[in-house]
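Here is the structure we will look at, set down as structure tokens.
Here the structure is a predicted model, which is why all the values come from computation and not from measurement. Atoms within a ligand are numbered from 1 in the order they appear, just like the ligands themselves.
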Amino acid sequence: MALCEFELIQRYFTSFQQGSAVVTGIGDDCAELSLSPGHTLCTSIDTMVEGVHFPKKVDVSGLGWRVLAAAVSDLGACGAKPLGFCLALTLPEANEAWLADFARGLADASNAFGIPLVGGDTTKGPLCLSVQVFGETPAGKALLRSAANSGDDIWVTGTLGDARAALDCLEKNNVSVHEQHFLTQYYRAEPPLKFAAELIGIARAAIDISDGLAADLGHILHASKLGAEVDLSRLPVSGALAQSYPREQVHHYALTGGDDYQLCFTADSNARSALRKLAAQFDIRLTPIGGITGGRELVLQCDGKAVDLDVYKNKGYQHFQ
Ligand code: ADP
Ligand code: MG
């Protein structure tokens with residue numbers, strides 16, 4: 001017999017690990033979360049729609065991980081510590097095999113990022129997943145897009161472009177070792193949350209790279225009313241990416257590919273040694289890719305030669321375009 005809504009929630013979504021901030025979790029009308037003294041609440045919501053954000057043929061447990069990774073990535077971008085998340089799930093049917101796989105991936109991510117599931121909503125309809133995350137930052141200290149200064153270094157974490165390369169092999173049946181690497185990066189993205197929380201007081205502006213570096217750094221520049229110079233030859237890319245595509249396409253993917261959920265931030269040049277120490281402490285690959293300028297443009301160069309940004313036509317994913 002088909003599961004009813006309440007059995008479904010009970011069976012798949014009530015056994016997640018809870019956190020110290022959770023006063024009331026799943027089961028009442030609202031979840032209650034406590035904030036540390038002197039902290040403010042940070043919240044963000046992300047939605048993934050079948051056929052738009054992921055194909056019909058998808059790794060379901062990977063989808064469970066990814067929907068939470070994408071949402072907590074926004075907490076990291078503000079330097080927020082995670083408190084809890086809600087899941088709004090719209091399903092065409094209560095398919096138990098699907099639910100078990102999805103809940104497993106989601107629970108793995110919940111444990112990995114230290115963020116408990118505290119509530120949600122379950123409805124019937126075309127497959128759609130929405131995750132709202134809650135976190136906290138010391139009052140007035142959240143990392144914002146608008147805080148860059150002229151002369152700041154620009155840093156990125158991890159590697160860029162792998163998730164874009166995954167789109168080229170998402171629906172393949174047999175994948176190479178490199179393609180498997182891209183798929184792992186796509187389905188098991190690991191936004192550097194703990195590292196990001198330590199950037200408060202060290203970094204200035206920050207954003208997570210969800211729509212592609214050019215687009216997301218562009219948001220920092222727009223909000224801070226500044227420009228930047230970026231050296232394409234310094235963009236951090238995986239060996240798998242560098243070995244799988246021609247160099248120009250590697251730059252294209254690293255610059256405009258979305259879904260990597262890494263961090264881009266700016267910091268004063270005298271923060272370099274503190275940043276390198278922090279990156280080593282959290283085992284984060286950290287790469288300086290350029291600097292903030294007084295202009296209003298993103299200026300690209302590669303091996304000392306100017307590169308026109310328009311070469312990379314699609315500057316990041318946008319809906320309704
Ligand atoms: P209400 O009618 O008051 O909105 P619901 O009956 O929708 O409450 O949900 C009952 C409880 O189950 C609530 O605590 C809600 O947050 C939780 N819940 C519903 N769907 C989900 C889900 N997909 N994941 C986690 N918790 C859920
Ligand atoms: Mg209610």
Side-chain angles (χ1 to χ4, degrees), residues 1-36 39-76 80-136 187-191 193 210 259 261:
M1 219 184 77
L3 274 185
C4 80
E5 179 190 336
F6 299 107
E7 288 167 335
L8 185 162
I9 297 164
Q10 179 63 33
R11 191 165 302 174
Y12 295 104
F13 298 109
T14 49
S15 54
F16 279 58
Q17 160 202 298
Q18 294 298 292
S20 56
V22 183
V23 181
T24 306
I26 292 173
D28 219 300
D29 293 302
C30 285
E32 261 184 298
L33 301 173
S34 60
L35 295 182
S36 308
H39 284 61
T40 46
L41 181 72
C42 297
T43 184
S44 166
I45 187 161
D46 266 294
T47 298
M48 288 189 181
V49 180
E50 184 182 60
V52 178
H53 300 89
F54 58 92
K56 265 200 165 28
K57 189 180 160 215
V58 71
D59 169 346
V60 177
S61 78
L63 184 64
W65 176 291
R66 200 168 100 84
V67 70
L68 183 55
V72 296
S73 176
D74 286 313
L75 290 180
K81 289 199 172 124
L83 297 174
F85 74 99
C86 288
L87 168 71
L89 196 54
T90 304
L91 298 169
E93 55 178 342
N95 175 332
E96 294 226 39
W98 192 98
L99 278 160
D101 283 348
F102 177 78
R104 184 162 42 83
L106 189 71
D108 287 347
S110 164
N111 291 333
F113 300 127
I115 186 165
L117 176 60
V118 299
D121 198 20
T122 307
T123 52
K124 188 170 177 180
L127 184 58
C128 178
L129 317 163
S130 246
V131 168
Q132 182 162 27
V133 288
F134 304 94
E136 64 177 14
Y187 281 122
R188 302 274 154 174
E190 294 197 29
L193 280 195
S210 53
D259 297 335
Y261 301 113

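Neither the backbone nor the side chain of V118 has a heavy atom within less than 4.0 Å of ligand 1. Proximity of I9 to ligand 1, defined as any heavy-atom pair under 4.0 Å, is confined to the side chain (atoms from C-beta onward).
With ligand atoms numbered from 1 in the order given, ligand 1 contributes 12 (O), 14 (O), 17 (C), 25 (C), 26 (N) to contacts under 4.0 Å with heavy atoms of I26. Ligand 1 places these atoms under 4.0 Å from at least one heavy atom of D28: 13 (C), 14 (O). Here is the list of ligand 1 atoms found below 4.0 Å of a heavy atom in D29: 3 (O).
F13 places none of its side-chain heavy atoms less than 4.5 Å from the side chain of T122.
In terms of N/O distances under 3.5 Å, ligand 1 is approached by G120. Residue contacts with ligand 1: G27 is placed with a nitrogen or oxygen under 3.5 Å of a nitrogen or oxygen of the ligand (distance criterion only).
In this structure, E96 contributes its side chain and A94 its backbone to no donor-acceptor pair below 3.5 Å.
Taken to the nearest 0.5 Å, the CG atom of L129 stands 5.0 Å off from the CZ atom of F54. Going from atom CG of N111 over to atom CG of L106 covers 10.0 Å, rounded to the nearest 0.5 Å.
Every heavy atom of Y12 sits 4.0 Å or more from the atoms of ligand 1.
Residue-environment remark: NZ (K56) stays at or below the threshold of 12 foreign heavy atoms within 6.0 Å.
With C128 as reference, T90 is the one residue of T90, T123, L91 to meet the side chain to side chain contact (heavy atoms under 4.5 Å, CB included) rule.
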